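Predicted, not measured: the structure shown is a model, and the values here were computed from it. For the single chain, residues carry numbers from 1 onward in sequence order.
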Amino acid sequence: MKKYQLMDWPTFILALIVLLAVVLPLILFQEASSEIIMDLNGFVTNQLGTAYLAIGLVIFIYCLYLAFGKYGGIKLGHSEDKPEFNTLSWAAMLFCAGIGSSILYWGIIEWAYYYDSPPFHISPRSEEAINYAASYGIFHWGPLAWSIYVLPALPIAYALFIKNENIIRISHACRPLLGKHTDSWIGKIIDVLFIFGLLGGAGTTLGLATPMIAEGVSVLTGVNSEALWLRILILLLSTIIFAFSSYTGIKNGIKKLSDINIWLTFLLLAFVFIVGPTVFIMETTLSSLGLIFRDFFRMATWLEPFGGYNGIEETKFPQSWTVFYWAWWLVYSPFVGLFIARISKGRTIKEVILGTIIYGTLGCTLFFGILGNFGLWLELSGTFSVTEVLKEQSGPAAIMSILSQLPMSNIAIIIFVLTAIIYLSTTFDSGSYILAGATQKKVDGEPYRFNRLFWAFALSFIPLALLIISGNDSLTLLQTASIVSGAPLIVIFIILMISFMKTLSSDRIKLEERSRLFKEKERKTLSIRYAKDDRWWE
């Protein structure tokens, strides 16, 4: 087949049309667009909160069932295949793709919001509020989030490495249930929703990361962090990095960038842990984990049903935080899941599920436990009031104020800014790689380079245009629009779960026979080797 004939042009063009249909009104009719999007967001978070929290729990239980059930030992590849990447690189790539620079933002500052506005109608700044302030961020970025991420990886990896179908589109994973409709407009809509969600999610990441990085540069150089040229420069630098990384492919680009990022992360976290209040960090983190284990299902299901009734205050905490986070994970999950699938050849279903959940949760726990609890210690000890800076200035200013309290603070801020830029780049290069694959009928080896580069620039230039023309408010609206677009993904994920179980059930006999033949071959190989070893005189 000639070059570019493998492109899925209808999906490619439809995705661009939908994207422009959303972006252009944000630029031309910002006030009207804002009103419509915020109304839709209010409907999604207030009326569909139950659906979001329920699907999060269902996916978590489903993944655990697959991991520990009769299908957990299925290898995603041929029986003799070994993992394509070593465990550290594999964990680094899935972690960097899954959390981006957002973890640097929320990991250090999220506790401050809960400290003044805690859940469960707890008194602000009380001891109980402090306990939940240190714990809720870990919960939001914990096992439920990563189980949502790993679910789409399983059917795609199964199709890629067991059935040898070189397709990395989310609609393809729904084929066992949708059948011939997968190739119709239904399948196209599923793929376009995934693409739009990712582009909107990219706006979210940029909307958080760009001001934070700009604030870091401002602290180091004295340049005004609000300067438009500085924010544009940060976006362009990140674009150049991840475009080059995406262009060179997974092994030569994305893998190496992720490895660098993980070592920078370890360096930053180790530095704060050693020079900061080490005992306080360890004790608070361990206590937070205990609280999460105790209240896991309460935190996963609380929707404040009695708020506004009988004189009970309606805080909107679940809608503002937990429901929003679950919607965010759903929007990002097809992209992260497809990327996890692409890098998981040679691993079993159990390894992929537990590895993603454990490594992802552990990484996020380190961020919240070390960076977040350092900020909490500053507040509680009276050393520095983080909440005051947060109220009077902004989140990025509060973050840099926290880092400025460290010994050799300039070095810490330099490492922090570099880490944020590379996290931003690793998320986007993974995203452009998967978007390229999602707009091709098949992927021979890797998606076309021109296609990877196109989506690499689309991921950054659309938010860049919004930033130049309409400012940060449009990035926030793009983020909100992507969350709203994630609502249909609840239905798509139900289809995914049913489809994958149907596939596993129909292939069970073939899989058992494959496993039996491999074990027999392995036994014969071992017998021959042992027989040769025993003939020591030869």
Residue pair C174 / I190: nearest heavy atoms and the distance that separates them: SG-CD1, 4.5 Å
S117 side chain to Y114 main-chain N or O, any donor-acceptor pair under 3.5 Å? no
Okay, side chain of N86, backbone of S89: is any donor-acceptor separation there less than 3.5 Å? yes
Determine, step by step, whether Y359 and L354 satisfy the side-chain contact (heavy atoms from CB on, under 4.5 Å) criterion, reporting the C-alpha distance in whole Å, the side-chain angles of both residues, the deciding distance to 0.1 Å, and the verdict. CA-CA 8 Å; Y359 291 130; L354 296 185; over 6 Å; no
Just so I know, are the side chains of P155 and L496 near enough to count as touching, which here means a heavy-atom distance under 4.5 Å? yes
When you measure from the side chain of T348 to the backbone N and O of E351, does any donor-acceptor pair fall under 3.5 Å? yes
For K345, does the NZ atom have more than 12 heavy-atom neighbours from other residues, nucleotides or ligands under 6.0 Å away? no
Donor-acceptor pair, S147 side chain versus I59 backbone, under 3.5 Å? no
Would R298 pass as a cation-pi partner of F120, given that its NZ or CZ must be under 6.0 Å from the six-membered ring centre and within 45 degrees of the axis? yes
Aromatic contact between Y149 and F95, with the criterion being ring centroids under 6.0 Å apart: yes or no? no
For the atom pair NZ (K502) and CE (M497), what is the distance rounded to the nearest 0.5 Å? 16.0 Å
Give, for atom CD of Q319 and atom CZ of F324, the distance between the pair rounded to the nearest 0.5 Å. 13.5 Å
A420 and M212 have their tightest heavy-atom pair at CB-CE, 4.0 Å
Would you say the side-chain atoms of S505 pair up with the backbone N or O of M501, donor to acceptor, closer than 3.5 Å? no
State whether a side-chain donor-acceptor pair under 3.5 Å links T322 with W302. no
Side chains of N373 and T285 only: does a donor on one sit below 3.5 Å from an acceptor on the other? yes
Is there a donor-acceptor pair under 3.5 Å between the side chain of S333 and the backbone N or O of L330? yes
With a 3.5 Å distance limit and no angle check, can you tell me whether K350 reaches the backbone of G73 through a side-chain donor-acceptor pair? no
Find out whether W328 and I148 are in side-chain contact, i.e. whether some heavy atom of one side chain is under 4.5 Å from a heavy atom of the other. no
Separation of T419 OG1 from I421 CD1 (nearest 0.5 Å): 9.5 Å
Counting N and O atoms only, with roles assigned by atom type, does the side chain of T361 sit under 3.5 Å from a partner on the main chain of I358, one being a donor and the other an acceptor? no
To the nearest 0.5 Å, what is the distance between CD1 on I495 and CG on L177? 6.0 Å
When you compare the side chain of W326 with that of H140, does any pair of heavy atoms fall below 4.5 Å? yes
Heavy-atom nearest pair, Y52 first then I55, reads O-CG2, 3.1 Å
Is the shortest heavy-atom distance from the side chain of F493 to the side chain of P152 under 4.5 Å? yes
Could you check if a side-chain atom of L53 sits within less than 4.5 angstrom of a side-chain atom of L57, using non-hydrogen atoms only? no
Give me the ring orientation class for F139 and Y136: parallel if the planes are under 30° apart, tilted from 30 to 60°, perpendicular past 60°. perpendicular
Apply side-chain contact (heavy atoms from CB on, under 4.5 Å) to T503 and K163, showing your working. CA-CA 11 Å; T503 299; K163 295 202 165 186; 4.1 Å; yes
Where is the tightest heavy-atom contact between V323 and G49, given as atom of each residue plus distance? CG2-CA, 3.9 Å
Are W141 and F367 an aromatic pair, judged by ring center distance below 6.0 Å? no
What's the spacing between L366 CG and L362 CG if we round to 0.5 Å? 5.0 Å
When the aromatic ring centroids of Y113 and W106 are compared, is their separation below 6.0 Å? yes
Strictly under 6.0 Å, is that where the ring centroids of Y158 and F500 end up? yes
Nearest heavy-atom contact between I490 and A51 is CD1-CB, 4.0 Å
With respect to L291, which candidate in L286, I138, N131 satisfies the side-chain contact (heavy atoms from CB on, under 4.5 Å) definition? N131
Stepwise side-chain contact (heavy atoms from CB on, under 4.5 Å) test for L94 and W146: CA-CA 10 Å; L94 72 87; W146 289 95; 3.9 Å; yes
What's the shortest heavy-atom distance between I262 and A92, and which atoms? CG1-CB, 3.1 Å
Quick check: do I340 and L154 have side-chain heavy atoms less than 4.5 Å from each other? no
Student check: side-chain heavy atoms of L76 and L160 closer than 4.5 Å: no
CG/L371 to CD1/I399 distance, rounded to the nearest 0.5 angstrom? 9.5 Å
Could you go through W321 and K316, starting from their C-alpha distance and side-chain angles, then the distance that decides it, and tell me whether this counts as side-chain contact (heavy atoms from CB on, under 4.5 Å)? CA-CA 9 Å; W321 291 103; K316 294 287 185 182; over 6 Å; no
With side chains defined as the heavy atoms from C-beta onward, is the minimum distance between R347 and T87 less than 4.5 Å? yes
